[in-house]
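See structure below.
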Amino acid sequence: MNNAIKAALLSAFICPGSGQWWLKQRLVGGGFMLVSVICLGYLILEVMERAQAIAAKILSGEIANDLVSIYAEVSAIPTEAMATMSLLTWVFIANWLLSIIHAYWLGTQADKTVNSD
C-alpha cells in the first residue's frame with residue numbers, strides 16, 4: 001500500500017491529522033487535530049450543560065419523570081445553541097474531509113519523491 005492511501009486512511013479512521021503526522025508533517029497534522037479537539041470539546045460541553053439543566057429540572061419537579069416529558073424537553077433545543085452546534089458540526093466535518101484530502105495529496109508527493117530516487 002502506498003503512502004497516499006495509508007495517510008488518507010489514517011486521517012479518515014483514526015483522527016483528522018494523523019495521516020499528516022505519519023508523513024512527518026507534524027505542524028499541519030497538529031492543526032487538524034487541534035481543530036477537531038476544539039469542536040468536539042465544545043459540542044460535548046454544550047451537551048453536558050443541557051443534560052445537567054434537564055436533570056436539575058427533573059429533580060426539582062418542573063419536568064415529570066417519564067419518557068415523554070423528558071423527550072419533549074430534550075427535543076426543545078434553544079435556537080442559538082442549535083445554530084452554534086450546527087456550525088461546529090459542519091466545521092468538524094469539513095476539517096475531517098480536508099484532512100483526508102490533504103493527507104492523500106501529501107502521500108502522493110511522498111510517493112513521487114520515493115519513486116524518483
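In this text the structure is predicted, and so the values were computed from the model without any measurement. No hydrogens, no waters, no symmetry mates; every other heavy atom, side chains included, goes into these values.
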Legend entry - Evaluation steps, side chain to side chain contact (heavy atoms under 4.5 Å, CB included), between Lys24 and Arg26: CA-CA 5 Å; Lys24 309 283 190 273; Arg26 308 272 193 235; 3.8 Å; yes

Inset, instruction - Using the rule that two of Ile, Leu, Val, Met, Phe, Trp, Tyr join whenever any of their side-chain heavy atoms come within less than 4.5 Å, decide whether Phe92 and Ile38 are in one cluster. - result: no

Legend entry - Under 3.5 Å donor-acceptor, Thr89 side chain and Met85 backbone: yes

Inset, instruction - For residues Ile54 and Ile58, determine if any side-chain heavy atom of one lies less than 4.5 Å from a side-chain heavy atom of the other. - result: yes

Legend entry - Any donor-acceptor pair under 3.5 Å from Ser18 side chain to Ile14 backbone: no

Inset, instruction - Could you name each residue pair satisfying salt bridge (Lys or Arg N to Asp or Glu O under 4.0 Å) that touches residues 51-64, not counting sequence neighbours? - result: Lys57-Glu73

Legend entry - side chain to side chain contact (heavy atoms under 4.5 Å, CB included) between Asn3 and Trp22, worked out: CA-CA 9 Å; Asn3 287 330; Trp22 181 72; 3.2 Å; yes

Legend entry - Linked, directly or transitively: Leu97 and Val35 (ILVMFWY side chains, under 4.5 Å): no

Legend entry - Working for side chain to side chain donor-acceptor pair (under 3.5 Å), residues Ser11 and Gln20: CA-CA 8 Å; Ser11 284; Gln20 287 83 352; 3.2 Å; yes

Legend entry - Joint hydrophobic cluster, Leu87 plus Tyr42, side-chain heavy atoms closer than 4.5 Å: no

Legend entry - Distance, nearest 0.5 Å, that separates CG of Leu9 from CZ of Phe13: 6.0 Å

Inset, instruction - Identify the heavy atoms of Ile70 and Ala64 that sit nearest to each other, and give their distance. - result: CG1-O, 4.0 Å

Legend entry - Separation of Ile101 CD1 from Trp96 CH2 (nearest 0.5 Å): 14.0 Å

Legend entry - Residues, nucleotides or ligands: over 12 heavy atoms within 6.0 Å of Leu45 CG: yes

Legend entry - Donor-acceptor side-chain pairing of Thr108 and Asp111 below 3.5 angstrom: no

Legend entry - Linked, directly or transitively: Tyr104 and Ile100 (ILVMFWY side chains, under 4.5 Å): no

Inset, instruction - Step by step, work out the side chain to side chain contact (heavy atoms under 4.5 Å, CB included) result for Ile5 and Asn2. - result: CA-CA 6 Å; Ile5 293 174; Asn2 60 20; 3.2 Å; yes

Legend entry - Connected via hydrophobic side-chain network under 4.5 Å: Val74 and Met48: no

Legend entry - Minimal non-hydrogen separation, Ser69 against Ile63, with atom names: CB-CG2, 3.8 Å

Legend entry - Exercise: identify the closest heavy-atom pair between Met33 and Cys15: CG-SG, 3.9 Å

Legend entry - Sidechain-backbone polar pair: Ser36 side chain, Phe32 backbone, donor-acceptor under 3.5 Å: yes

